[in-house]
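These notes are about the structure you will find just below.
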Amino acid sequence: KSDFVVMIFSDEYLKSEGCMYEVNEVLNTHEFEKRIIPILLTNAKSIFDNKARVHYYDYWKTELGDAEKRLKEHSNIDHFKQMERLKDINNSLGKFFDKVIDIKMFSFEELKEQNYRPILKIFGIEERKLYDEVISISNIKNYEKQELAFEDFLSKYPDNKYGLFYRGYMANENKKFDKAKAYYEVFLDKYPRETGAHNNFAVLLERQFNESDNARKHHEIALRIDPNNYFSHYNFAMLLENQFYEFENARKHHEEAIRINPLLYQSHYNLALLLEKHLGEYELSKKHYEEAIRLDSELSDAHNNLANL
């Protein structure tokens, strides 16, 4: 089964026994209108005119009559099967036109002018191409050149999710924190349900702007959208511990991060610290130090803390 069926409607297509029989098979499938991508050639534009498309009814009526005559003259299985196919086409022709004329058609000439981008977008090819372009821009070493490249990209694709997100992400990576803040705000205004952006924005607000309450709000939004995002749990745990001194609440989020991803050494290490310094649970702290070291043997702070413990 295909997700999409591309149909190029031409006069030749509408008079082809094989094509019209196949299209009637597709016509009876689930969500026909959502599955077909119709492309219209100039010589088939008459299907949108009630009077003009009558000649297709006449054409298939004549074809059926000729098939019936052949079957009478030469009774064989091939002629019988052809007559049955032509009956199906004739019986379905009205339903076919009713459905097709209500579907948005792509003009072949317009598609050609746009380098077929509307169809590539439906297939996801255009999106992948734009994503690759954004990653290429992100790899530009010089930040000023990189920012100019993002500006050029977003002038052509102003609402592109990847371009808007990575513009903020790369500004933050290059320590342009005011720009990063402004870019994340623009992104979240357009895409308010993107967990990663809420998470990144929250960390930026906490570490660079000392906006703990606002950071907390974005962590909470991120976890409402995706409660299984372990990095959101981890970063929220760190905020709760360091800025709000909510140690039990922080513990809960570290434990949830570890439940989702047991290989997250950062949560094992910071949970061990929390248990040791604030909750007095030394045996459990030891267990998490050991697990953090098992996951990352070069974690020197974990080695030192475990030795002191």
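Basis for what follows: all heavy atoms, side chains included, without hydrogens, waters or symmetry-related copies. Nothing here was measured: the structure is a model prediction, and the numbers come from that model. Positions are given from 1, in the same order as the sequence printed here.
- A salt bridge between Asp11 and Lys15 is present, with a side-chain N of the basic residue lying under 4.0 Å from a carboxylate O of the acidic one.
- At distances below 3.5 Å, at least one donor-acceptor pair connects side-chain atoms of Asn235 with backbone N or O atoms of Phe231.
- Counting heavy atoms from C-beta outward, Gln243 and Glu206 have side chains that approach closer than 4.5 Å.
- We find the OG-CG distance between Ser107 and Leu40 to be 7.0 Å, quoted to the nearest 0.5 Å.
- Between Tyr230 and Tyr234, the ring centre distance reaches or exceeds 6.0 Å.
- For Gly196 against Phe165, the heavy-atom pair with the smallest separation is C-CE1, 4.2 Å.
- In this structure, the side chains of Lys81 and Ile77 come closer than 4.5 Å at one or more pairs of heavy atoms.
- Panel note: side chain His303, backbone Ser297; a donor-acceptor pair is recorded below 3.5 Å.
- Of the possible polar contacts, one joining the Asn308 side chain to the Asn304 backbone as a donor-acceptor pair under 3.5 Å is found.
- To the nearest 0.5 Å, the span separating OG on Ser92 from CG on Asp98 amounts to 11.5 Å.
- Interatomic distance, CD of Glu220 versus CZ of Arg224, reported as 6.5 Å (0.5 Å rounding).
- Without hydrogens or angle criteria, Trp60 side chain to Asn91 main chain gives no donor-acceptor distance under 3.5 Å.
- Using bins of under 30°, 30° to 60° and over 60° for the plane-to-plane angle, the ring pair Tyr13/Phe9 lands in the perpendicular bin.
- When Glu17, Glu63, Glu22 are each tested for a salt bridge (Lys or Arg N to Asp or Glu O under 4.0 Å) with Arg85, only one passes: Glu17.
- Using a 4.5 Å heavy-atom threshold, the side chains of His254 and Asn249 count as separate.
- Note on Asp66 versus Arg70: no salt bridge recorded, every NZ/NE/NH1/NH2 to OD/OE distance being 4.0 Å or above.
- A side-chain donor from one of Asn43 and Glu12 sits under 3.5 Å from a side-chain acceptor of the other.
- Judged by the 6.0 Å and 45° rule, Lys181 forms no cation-pi pair with Phe201.
- Between His198 and Lys217 there is no side-chain heavy-atom pair separated by less than 4.5 Å.
- Phe150 does not carry Arg167 over the face of its six-membered ring by the limits of under 6.0 Å from the centre and within 45° of the normal.
- Side-chain contact between Glu147 and Lys179: present, with at least one pair of heavy atoms (C-beta onward) separated by less than 4.5 Å.
- Across all their heavy atoms, Leu86 and Leu64 have their closest contact at CB-CD1, 3.9 Å.
- The neighbour count for Phe209 CZ, taken as heavy atoms of other residues, nucleotides or ligands under 6.0 Å away, is above 12.
- For Leu41, the CG atom sits in a packed shell: over 12 heavy atoms of surrounding residues, nucleotides or ligands are nearer than 6.0 Å.
- Put simply, the side chain of His278 never gets that close to the backbone of Leu275: no donor and acceptor are under 3.5 Å apart.
- In terms of modelled atom types and a separation under 3.5 Å, the side chain of Asp226 and the main chain of Asn228 share a donor-acceptor contact.
- Ring geometry for Tyr131 versus Tyr162: interplanar angle over 60°, hence perpendicular rather than tilted (30 to 60°).
- Residues Tyr191 and Phe187 place their aromatic rings such that the two centres sit under 6.0 Å apart.
- Put simply, the residue from Glu276, Glu290, His288 that forms a side-chain contact (heavy atoms from CB on, under 4.5 Å) with Leu306 is Glu290.
- Checking Glu109 against Thr42 by side-chain atom types alone, a donor-acceptor pair falls below 3.5 Å.
- A donor-acceptor pair is defined here as one N or O able to donate and one able to accept, closer than 3.5 Å; such a pair exists between the side chain of Asn139 and the backbone of Ile135.
- Between Lys87 and Glu84, at least one side-chain nitrogen of the basic residue sits less than 4.0 Å from a carboxylate oxygen of the acidic one, meeting the salt-bridge criterion.
- Of the possible polar contacts, one joining the Thr62 side chain to the Asp58 backbone as a donor-acceptor pair under 3.5 Å is found.
- At least one side-chain heavy atom of Glu241 sits under 4.5 Å from a side-chain heavy atom of Phe247.
- For the pair Ile221/Arg193, no side-chain contact is recorded, criterion being any heavy-atom separation below 4.5 Å from C-beta on.
- One finds the CG atom of Leu263 at 12.0 Å from the CG atom of Asp296 (value rounded to the nearest 0.5 Å).
- Taking CG of Asn76 as the reference point, atom CD of Gln82 lies at 10.0 Å (rounded to 0.5 Å).
- For His268 (side chain) and Pro262 (main-chain N/O), a donor-acceptor pair under 3.5 Å exists by modelled atom type.
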Derivation and outcome, side-chain contact (heavy atoms from CB on, under 4.5 Å), residues Asn172 and Lys176: CA-CA 6 Å; Asn172 186 56; Lys176 308 294 183 183; over 6 Å; no
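- Looking only at atom types and distance, the side chain of Tyr169 has no donor-acceptor partner in the side chain of Asn200 under 3.5 Å away.
- Taken to the nearest 0.5 Å, the CD1 atom of Ile258 stands 10.5 Å off from the CD atom of Gln266.
- In terms of hydrophobic clustering, with Ile, Leu, Val, Met, Phe, Trp and Tyr side chains grouped at heavy-atom distances under 4.5 Å, Val54 and Met20 are assigned to different clusters.
- In terms of modelled atom types and a separation under 3.5 Å, the side chain of Ser136 and the main chain of Asp132 share no donor-acceptor contact.
- Using a 4.0 Å cut-off between charged side-chain N and carboxylate O, Arg216 and Glu246 make a salt bridge.
- Residues Leu279 and Glu248 meet the side-chain proximity criterion, which asks for heavy atoms closer than 4.5 Å.
- Arg207 meets the side-chain hydrogen bond (donor to acceptor under 3.5 Å, both in side chains) test with no other residue; sequence neighbours excluded.
- A salt bridge between Arg251 and Glu255 is present, with a side-chain N of the basic residue lying under 4.0 Å from a carboxylate O of the acidic one.
- Taking the centre and axis of the six-membered ring of Phe97, the NZ or CZ atom of Arg53 falls inside the cone set by 45° and 6.0 Å.
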